[in-house]
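I'd like to ask some things about the structure below.
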Amino acid sequence: MAKEITSREENYSQWYNDIVKKAGLADSSAVRGCMVIKPYGYAIWEKMRDQLDKMFKETGHVNAYFPLFVPKSLFEAEEKNAEGFAKECAIVTHYRLKADPDNKGKLIVDPEAKLEEELIVRPTSEAIIWNTYRDWIQSYRDLPILINQWANVVRWEMRTRPFLRTAEFLWQEGHTAHSTKSEAIAEARLIHDVYARFAEEWMAMPVIKGFKSENERFAGADDTFTIEALMQDGKALQAGTSHFLGQNFAKAFNVTFSNDKNENEYVWATSWGVSTRLIGGLIMTHSDDEGLVLPPKLAPFQVVIVPIPKPDPELLEKAKNISEALKALGISVKIDTDETKRPGFKFAEYEMMGVPVRLGLGKRDLENNTIEVARRDTKEKTSIAMDQVVPYVSSLLDDIQENLFQRAKAYRDSHITKVDSYDQFKDVLENKGGFLSCHWDGTSETEEKIKEETKATIRCIPLDAPSESGKCIYSGKISERRVIFAKAY
RNA sequence: CGGGGCGUAGCGCAGUCCGGUUAGCGUACCUGGUUUGGGACCAGGGGGUCGCAGGUUCGAAUCCUGCCGCCCCGACCA
């Protein structure tokens with residue numbers, strides 16, 4: 001069949017690419033490493049964005065917008081951050097093209113139009129924002145500043161994959177300024193909680209909350225909090241990070257305030273972000289060999305009604321009634337009015353697209369006063385009484401949301417393996433994958449060695465890890481608690 | 001940037017080794033008809049700079065040279 005996708009077992013990467021393509025989420029583009037997000041994929045992003053935006057607003061944040069370009073001198077001000085991103089920056093050096101004198105109809109960069117100072121296309125916006133905050137902050141009364149922006153950023157990656165890693169991507173970046181260290185840490189952890197809640201309650205994607213080791217920390221941060229998810233191939237995905245930036249950016253950009261004793265202090269900062277990468281995580285958490293599987297809370301439409309064998313006035317009338325009743329409960333519904341395709345074809349299409357619930361409505365149903373309900377997550381079909389369909393579907397959507405989460409959680413939990421020796425570590429990593437919970441001596445050297453030898457990195461040091469004395473699996477030195485290792489995207 | 005694969009109709013491919021009329025198949029698309037509860041069938045039809053640029057040749061999708069792009073596996077990374 002033309003629409004068939006590669007199975008996960010056969011080729012996991014290809015399976016992922018097939019889903020992106022065939023579910024209509026994104027296309028590759030004429031620009032290397034950049035994708036076109038198609039309407040169906042973008043609709044998922046809009047759902048994510050709207051919910052996250054709501055959660056940010058509920059926690060006191062406001063939106064603003066800062067420039068795409070960052071003058072090089074500002075970019076390099078916070079050295080660690082600049083170094084961290086230097087290798088993947090796109091740089092604007094000129095501002096004009098002109099006709100090529102040697103090649104009719106072609107354009108060349110006008111050498112006369114060289115910028116005095118290069119502009120960096122933002123890989124993240126701390127620099128331009130902290131340079132601005134300096135002017136906004138004088139007194140403790142100006143704090144806190146709790147700003148978020150929805151934006152695109154560019155990181156010139158060597159190897160890209162749709163949604164998971166693209167040269168340009170969409171995200172939100174929060175940048176907050178505080179008068180005390182404890183308030184800034186509380187802010188970073190608040191957002192960390194928001195991210196975890198969003199991942200689990202909306203994406204139905206279980207995550208481990210923790211903080212990063214020094215090696216894996218955001219460049220320029222004192223602490224990075226992360227949510228880590230596990231994909232179906234046993235690899236980890238960093239799904240969102242929230243950084244406590246200390247006073248690093250305040251010092252780099254000389255952002256100070258007068259406290260209530262009229263003393264000058266540097267401002268405390270956080271930044272935090274999630275990106276279109278979440279869509280990649282969503283795909284790899286729930287989808288199967290038939291296509292995309294979407295949690296109802298993020299599906300562009302939650303229910304599709306397919307008239308069988310094809311739309312006619314009587315069926316459409318009935319479909320419309322059901323649709324209106326569902327919509328009254330806040331459920332989004334699409335009625336398929338396409339007369340050119342047969343039902344079987346449509347069923348396969350909507351499965352590919354991950355629509356949570358499909359209602360099949362045919363002549364036979366009208367006679368029996370029933371309707372066929374098919375759920376995407378388990379692919380079960382049932383015929384139920386017409387007058388029950390609205391409450392049934394309503395609670396079914398909740399069931400599906402919950403089932404997807406529980407299913408993903410069961411998989412994730414069964415792929416957290418406690419290991420207590422390096423041999424066992426390598427064995428589990430090789431043969432089972434997933435998260436490895438083990439003792440680590442806390443040194444970068446050990447982490448580096450393990451990474452070199454096995455490709456696995458510390459995904460996080462879980463916040464809820466109980467203290468437990470043990471020995472580092474690599475060095476044998478004493479350790480106070482277990483950390484999570486995995487191969488990661 | 002290393003290793004492998006590929007570029008022929010919207011998509012998926014054959015043809016390339018061994019050069020030879022109007023470049024073919026599946027699917028998708030258009031028209032008509034019959035169908036229709038899990039990816040319909042029949043008939044007719046439209047659609048091609050064979051990745052780009054040179055070269056060899058009477059003749060190039062096919063041979064040679066250079067370039068470009070894409071995919072997979074690594075290195076790097078959210």
Side-chain angles (χ1 to χ4, degrees), chain A residues 1-6 10-18 20-22 24 27-33 35 84-89 123-124 153-173 195 212 215-219 221 224 226-229 235-243 271-281 290-291 306-312 315 338-352 358-368 370-372 374 379 381 383 451-452 455 457 459 487-489:
Chain A
M1 287 298 153
K3 286 285 182 182
E4 219 163 70
I5 62 177
T6 309
E10 189 188 336
N11 184 340
Y12 191 84
S13 297
Q14 194 55 48
W15 166 80
Y16 177 82
N17 290 340
D18 285 353
V20 168
K21 193 122 218 269
K22 291 177 178 166
D27 270 343
S28 55
S29 75
V31 191
R32 187 191 205 120
M35 65 177 167
F85 284 108
K87 295 189 303 292
E88 43 188 332
C89 285
T124 181
V153 288
V154 169
R155 297 181 188 175
W156 212 263
E157 302 289 350
M158 286 176 177
R159 195 169 154 210
T160 59
R161 305 191 62 190
F163 295 110
L164 294 172
R165 179 169 297 104
T166 46
E168 179 193 13
F169 58 92
L170 305 182
W171 76 343
Q172 57 71 216
E173 46 180 327
Y195 285 164
K212 289 291 190 184
N215 281 5
E216 297 285 324
R217 197 179 288 161
F218 177 70
T224 289
T226 180
I227 55 171
E228 297 286 326
K235 286 170 78 175
L237 184 77
Q238 177 176 309
T241 47
S242 177
H243 316 291
S271 69
W272 28 274
V274 294
S275 72
T276 37
R277 169 178 254 203
L278 289 179
I279 295 175
E290 268 69 52
V306 180
I308 300 166
K310 65 177 183 181
D312 70 36
L315 289 171
D338 187 345
E339 296 183 17
T340 68
K341 295 183 177 66
R342 292 157 56 99
F345 183 89
K346 293 175 179 180
F347 294 169
E349 284 280 301
Y350 291 120
E351 274 160 18
M352 183 74 73
R358 185 186 72 236
L359 300 179
L361 180 63
K363 298 286 181 197
R364 212 160 66 202
D365 291 305
L366 291 187
E367 284 165 23
N368 303 334
T370 59
I371 189 162
E372 185 185 78
K379 304 240 285 304
K381 287 195 291 196
S383 187
K451 183 179 178 181
E452 269 172 42
K455 315 275 188 230
T457 51
R459 299 323 303 152
K487 287 189 190 169
Y489 274 96

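Please read these numbers as outputs of a predicted model, since none were measured by experiment. Chain letters run A, B, ... following the sequence lines, proteins first and then strands; every chain starts at 1.
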Proximal nucleotide (of B:G74, B:A78, B:G38) relative to the A:E351 side chain: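 Shortest atom-to-atom distance from the side chain points to B:G38.
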Side chain of A:K363 - closest among B:C72, B:G37, B:C73: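 Looking only at heavy atoms from C-beta outward on A:K363, the closest nucleotide is B:G37.
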5' priority, RNA chain B, between A:G33 and A:L361 [closest heavy atom]: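 Whichever sits nearer the 5' end wins; that is A:L361.
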Selection from B:G38, B:U36, B:G39 that lies nearest to any side-chain heavy atom of A:R358: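 Shortest atom-to-atom distance from the side chain points to B:G38.
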Counter-base of B:U49, judged by Watson-Crick or G-U geometry with both distances under 3.5 Å: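 Paired with no nucleotide.
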Residues A:D338 and A:T340: side-chain donor-acceptor under 3.5 angstrom: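 The criterion, which ignores hydrogens and geometry beyond distance, is satisfied for A:T340 and A:D338.
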Sugar-phosphate, base or nothing in reach of A:T166, heavy atoms under 4.0 Å: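 Base: the residue A:T166, judged by heavy atoms under 4.0 Å, touches a nucleobase.
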B:G55 and B:G47, which share atom name C1', separated by this distance in whole Å: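 It works out to 32 Å between them.
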Nucleotide paired to B:G2 in any strand shown, Watson-Crick or G-U, under 3.5 Å: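 Checking every strand shown, B:G2 finds its partner in B:C73, with both distances under 3.5 Å.
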Sugar-phosphate, base or nothing in reach of A:K451, heavy atoms under 4.0 Å: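 Contact class for A:K451: sugar-phosphate only.
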Candidates B:C76, B:C72, B:U36 - which lies nearest the side chain of A:K87: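 So the side chain of A:K87 is nearest to B:C76.
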Sugar-phosphate only, base, or nothing, as touched by A:L164 at under 4.0 Å among non-hydrogen atoms: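 Counting heavy atoms under 4.0 Å across all strands, the contact made by A:L164 includes a base.
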G-U wobble or Watson-Crick pairing nucleotide for B:G37 (cut-off 3.5 Å, both distances):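 Because no pair has both required distances under 3.5 Å, B:G37 counts as unpaired.
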Pairwise C1' distance for B:U27 and B:C41, with rounding to whole Å: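 Each nucleotide's C1' atom is 15 Å from the other's.
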Inter-nucleotide P distance (B:U8, B:U49), Å rounded: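 Approximately 11 Å lies between the P atom of B:U8 and that of B:U49.
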Aromatic ring pairing A:W171/A:F169, orientation class (parallel under 30°, perpendicular over 60°, tilted between):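 Geometry flag for A:F169 against A:W171: perpendicular rings.
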Residue pair A:H243 / A:T224, side-chain donor-acceptor N/O under 3.5 Å: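 Side chains of A:H243 and A:T224: pair found under 3.5 Å.
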Touch class at under 4.0 angstrom, heavy-atom based, for A:N17 against every strand present: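 A:N17: backbone/sugar contact only, no base atoms under 4.0 Å.
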Among B:C72, B:G37, B:G38, the nucleotide that comes nearest once only the side chain of A:S13 is considered: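 Nucleotide nearest to A:S13's side chain: B:C72.
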Touch class at under 4.0 angstrom, heavy-atom based, for A:F169 against every strand present: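 Base, at least one base heavy atom under 4.0 Å.
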Nucleotide of B:A78, B:G37, B:C73 approaching A:E372 most closely (side-chain heavy atoms):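 Shortest atom-to-atom distance from the side chain points to B:G37.
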For B:A61, the Watson-Crick or wobble partner whose two distances fall under 3.5 Å: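 Partner of B:A61: none.
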A:R364 side chain near B:G37 phosphate (N/O to OP1/OP2, under 4.0 Å):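 For A:R364, the contact criterion (side-chain N or O under 4.0 Å from OP1 or OP2 of B:G37) is not met.
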Nearest to side-chain heavy atoms of A:P309, which nucleotide of B:A75, B:U36, B:C72: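 Looking only at side-chain atoms, A:P309 lies closest to B:U36.
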From B:G74, B:G39, B:C72, nucleotide with atom closest to A:Q14 side chain: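 Given the options B:G74, B:G39, B:C72, the side chain of A:Q14 is closest to B:C72.
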Nearest-angstrom distance, C1' atom, B:G48 to B:A14: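 The same atom, C1', in both gives a distance of 15 Å.
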B:U65 and B:C73, which share atom name P, separated by this distance in whole Å: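 Those two atoms are separated by 30 Å.
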Atom of A:V154, atom of A:W156 and distance for their closest heavy-atom approach: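 Reported closest heavy-atom pair: CG1-CE3, 3.9 Å.
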Closest-nucleotide ordering on RNA chain B, the 5'-leading residue of A:G344 and A:E88: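 Closer to the 5' end of RNA chain B: A:G344.
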Within-4.5 Å side-chain heavy-atom neighbours: A:R277 and A:L237: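 SC-SC contact between A:R277 and A:L237 confirmed.
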C1'-based separation of B:G5 from B:C13 [nearest Å]: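 The same atom, C1', in both gives a distance of 15 Å.
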Sugar-phosphate only, base, or nothing, as touched by A:E157 at under 4.0 Å among non-hydrogen atoms: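 Touches a base.
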Interatomic distance at C1', B:A78 relative to B:C67, whole Å: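 Taking atom C1' in both B:A78 and B:C67, they lie 34 Å apart.
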Identified pairing partner of B:U27, criterion: Watson-Crick or G-U wobble below 3.5 Å: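 Across any shown strand, B:U27 pairs with B:G10.
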Selected nucleotide, minimal atom distance to A:R277 side chain, candidates B:G39, B:U35, B:A78: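 The answer is B:A78.
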Given B:A78, B:G74, B:G37, the nucleotide with the shortest approach to the side chain of A:R159: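 Nearest to the side chain of A:R159 among the choices is B:G74.
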A:R161 vs B:C72: side-chain N/O to OP1/OP2 distance below 4.0 Å: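 No, no such contact exists.
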A:N17 side chain near A:P162 side chain, heavy-atom distance below 4.5 Å: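 The answer is yes, as the side chains (C-beta and beyond) meet within the 4.5 Å cut-off.
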Donor-acceptor pair (no angle test) under 3.5 Å: A:K381 side chain, B:G38 base: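 Side chain to base: pair found, below 3.5 Å.
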Whole-angstrom distance between B:G3 and B:G39, as gauged at atom C1':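 Going atom to atom, C1' in each nucleotide, I get 39 Å.
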Identified pairing partner of B:G32, criterion: Watson-Crick or G-U wobble below 3.5 Å: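 The answer is B:C42, by the H-bond criterion.
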Cation over ring face, A:R358 and A:F347, 6.0 Å, 45°: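 Checked: cation-pi criterion met.
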